[in-house]
Q: 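This structure is in structure tokens; I'll ask about it shortly.
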There are 2 protein chains.
Amino acid sequence: MTEPESSPEKIDQTRERILDEAEKLFAEKGYHAVSVREITTEAACNLAAVNYHFGNKQNLYHEVFRSRWIPRARTLFGVFRESLASRKAPTQAEVVQALSEAFLRGPMTGEERQRHSQLMIRELSQPTEAFDIVVEEAVAPVMGTLTEQLKRSQPKRRVPQEEMTLNVLSIFAMTIYFNFSRPLVSRMTGCEYDDAFTARLVRHITRFSLHGMNPNRKER
Amino acid sequence: MTEPESSPEKIDQTRERILDEAEKLFAEKGYHAVSVREITTEAACNLAAVNYHFGNKQNLYHEVFRSRWIPRARTLFGVFRESLASRKAPTQAEVVQALSEAFLRGPMTGEERQRHSQLMIRELSQPTEAFDIVVEEAVAPVMGTLTEQLKRSQPKRRVPQEEMTLNVLSIFAMTIYFNFSRPLVSRMTGCEYDDAFTARLVRHITRFSLHGMNPNRKER
DNA sequence: GTCTATAGCAGGATAGAC
DNA sequence: GTCTATCCTGCTATAGAC
């Protein structure tokens, strides 16, 4: 990152730096609050580089989702699924925990995770052209798997479809809420988002969701 | 709204229109995505009026919170408290329902409510100078009352402080989530936010939260 | 593929007439 | 208090040298 190797694969190395910085800044401040100048300055390249590589600003934003956000979403989903696959018949608690763990403590660094969530949240609450990407790549698969797994692990009670959807949405809501609303959560709990605290958050989300969707459950 | 009365209190009537349109646009698009020109066009007044009345754009944004958002937050909180005061010893279910009802079906129109939530959410996830206002006027009082009331209605079980805080944060999270993430919720449930649907949402939030924080509760 | 230079325009803000 | 006219900064985007 400090000194680029001269020979091996220098191609489009600027392009990658631009994407990195763009993602970072778009996530932090939002599309309109970030200027191309700011991005290119951070990426230590020339202003014109953005237009050369991406055509225009809009396209760069789009490309951030395609080449940065989507892969992470898939990785995240992969972690979630693998975590489920490692058990024969995961309990509901295990399912919910697998999800919140993937999102709150998964393979990414804390910073990466926050960026990922912020980009997602922005699109979900205020759709632009990337909304469909987010739904197709993150929301739909996660909610689909969640629904399926939760039904499987609790075949006895027949849950009406809308109730199921609202349950799953609520679990999803809590998971992303505790990721994106950090300033508030930290202020209210007095805790920083370190390993210990995120572990407690996962436990909380699991417990809360589990009993939330199962009015009178014994097992945990 | 169409034809202003000529005599009685015409003073600062432009100012009010600017505030109205500014709130609407800031809520919809966010601070940076809105230009002063756009606001003044919508408010059907001159560009210079913003600077005359508010000095600059930043200040207008701030004033939107002071003169529009805060009163609504207080009204909302008032509805919540009155709803509680009308019962001698509200159950936990009644407490949660009072909250989500105030936020999702309260005294405001659907549009107003959405605006209110969006302004709040923006500040909570990405604090600017209005963050403190939001915390002091909305989050702190609501969470304080919620904590107090929930403790009172369930004196038997001693809940650790952090668990209590996380519970309350989760209830708050769901309440605002279902308000601000409408595009997604509508897409997933296939429902518009009409009276019938918001009523079902209130019931869902109440049920989910209630059991979420009470692992093995009978009464509802 | 990266740079400089600059076109062209939209933004916030101000001065001053009315 | 509201308007017109204008300043000037900072933005996106492009042309063209290297």
Side-chain angles (χ1 to χ4, degrees), chain A residues 1-65 67 128-130, chain B residues 1-65 67-68 122 128-130:
Chain A
M1 233 187 185
T2 48
E3 280 296 274
E5 299 297 299
S6 50
S7 47
E9 21 177 272
K10 195 181 172 180
I11 295 176
D12 287 354
Q13 163 210 355
T14 298
R15 189 190 142 99
E16 298 304 306
R17 277 204 320 278
I18 292 175
L19 281 169
D20 286 340
E21 297 301 326
E23 185 192 12
K24 190 167 145 189
L25 289 167
F26 284 144
E28 271 171 27
K29 309 184 172 188
Y31 181 80
H32 294 280
V34 179
S35 68
V36 176
R37 285 172 145 82
E38 199 177 350
I39 295 169
T40 52
T41 302
E42 286 298 310
C45 72
N46 191 273
L47 175 61
V50 161
N51 301 92
Y52 172 76
H53 285 287
F54 306 97
N56 58 34
K57 188 186 173 184
Q58 268 291 332
N59 233 310
L60 167 59
Y61 180 72
H62 214 115
E63 192 58 31
V64 163
F65 272 86
S67 75
T128 74
E129 43 196 276
Chain B
M1 228 182 189
T2 49
E3 279 295 275
E5 300 296 299
S6 50
S7 46
E9 21 178 270
K10 195 183 172 180
I11 294 178
D12 286 355
Q13 163 212 353
T14 299
R15 190 189 141 97
E16 298 304 306
R17 276 206 319 278
I18 292 175
L19 281 169
D20 286 340
E21 296 302 326
E23 185 192 12
K24 190 167 145 189
L25 289 167
F26 284 145
E28 270 171 26
K29 309 184 172 188
Y31 181 80
H32 294 280
V34 178
S35 68
V36 175
R37 287 175 148 84
E38 199 178 349
I39 294 170
T40 52
T41 301
E42 286 298 308
C45 72
N46 192 273
L47 174 62
V50 160
N51 301 91
Y52 173 77
H53 285 287
F54 306 97
N56 57 35
K57 188 185 174 185
Q58 268 290 332
N59 232 308
L60 167 59
Y61 180 72
H62 213 116
E63 192 58 31
V64 163
F65 273 86
S67 75
R68 291 286 186 278
R122 284 229 172 67
T128 73
E129 37 189 286

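Within every chain, numbering begins at 1; the chains are lettered A, B, ... in the order of the sequence lines, protein sequences first and strands thereafter.
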Q: Any non-hydrogen side-chain atom of H53(B) less than 4.5 Å from a side-chain atom of L19(B)?
A: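 A side-chain contact is absent here, since even the closest heavy-atom pair is not under 4.5 Å.
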
Q: Quick one: N46(B) CG to dG12(C) P, roughly how many Å, whole number?
A: 14 Å

Q: Does R15(A) reach a base, just sugar-phosphate, or nothing at all? Heavy atoms under 4.0 Å.
A: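 No contact.
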
Q: Relative to the ring of Y31(A), is the ring of F26(A) parallel (under 30°), tilted (30 to 60°) or perpendicular (over 60°)?
A: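 Taking Y31(A) first and then F26(A), their aromatic rings lie parallel (interplane angle under 30°).
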
Q: Looking at K24(B) and E42(B), is any side-chain nitrogen of the basic one under 4.0 Å from a carboxylate oxygen of the acidic one?
A: no

Q: Reckon A48(B) touches a base, only the sugar-phosphate, or nothing at all at heavy-atom distances under 4.0 Å?
A: base

Q: Between Y31(B) (OH) and dG11(C) (P), how many Å, whole number?
A: 13 Å

Q: Using whole Å, what does the distance between atom P of nucleotide dG1(D) and atom OH of Y52(B) come to?
A: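 Interatomic distance, OH of Y52(B) to P of dG1(D): 4 Å.
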
Q: From the options dT2(C), dC3(D), dG1(D), select the nucleotide whose nearest atom is closest to the side chain of T14(A).
A: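 Looking only at side-chain atoms, T14(A) lies closest to dT2(C).
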
Q: Within the pair S35(A) and dG10(D), is there a side-chain N or O less than 4.0 Å away from OP1 or OP2?
A: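 Checking dG10(D) against S35(A), no side-chain N or O comes under 4.0 Å of OP1 or OP2.
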
Q: For dT2(D) and H53(B) - does any side-chain N or O of the residue sit under 4.0 Å from the phosphate oxygens OP1/OP2?
A: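 For dT2(D), OP1/OP2 do have a side-chain N/O of H53(B) under 4.0 Å.
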
Q: Rounded off to whole Å, could you give me the NZ-to-P distance for the K57(B) and dT14(C) pair?
A: 15 Å

Q: How many Å lie between OH on Y61(A) and P on dC11(D), as a whole number?
A: 19 Å

Q: L47(B) has an atom CG; how far is it from atom C1' of dT6(D), in whole Å?
A: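 Rounded to the whole Å, the gap is 11 Å.
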
Q: Can you tell me the distance, in whole Å, between the CD1 atom of I39(A) and the C1' atom of dG10(D)?
A: 15 Å

Q: Give the nucleotide from the list dT4(D), dT4(C), dA13(C) with an atom nearest to the side chain of N51(B).
A: dA13(C)

Q: With DNA chain C as reference, determine whether N56(B) or A49(A) sits nearer its 5' end, using the nearest nucleotide of each.
A: A49(A)

Q: Taking atom P of dC11(D) as reference, at what distance in whole Å does atom CG of L60(A) sit?
A: 15 Å

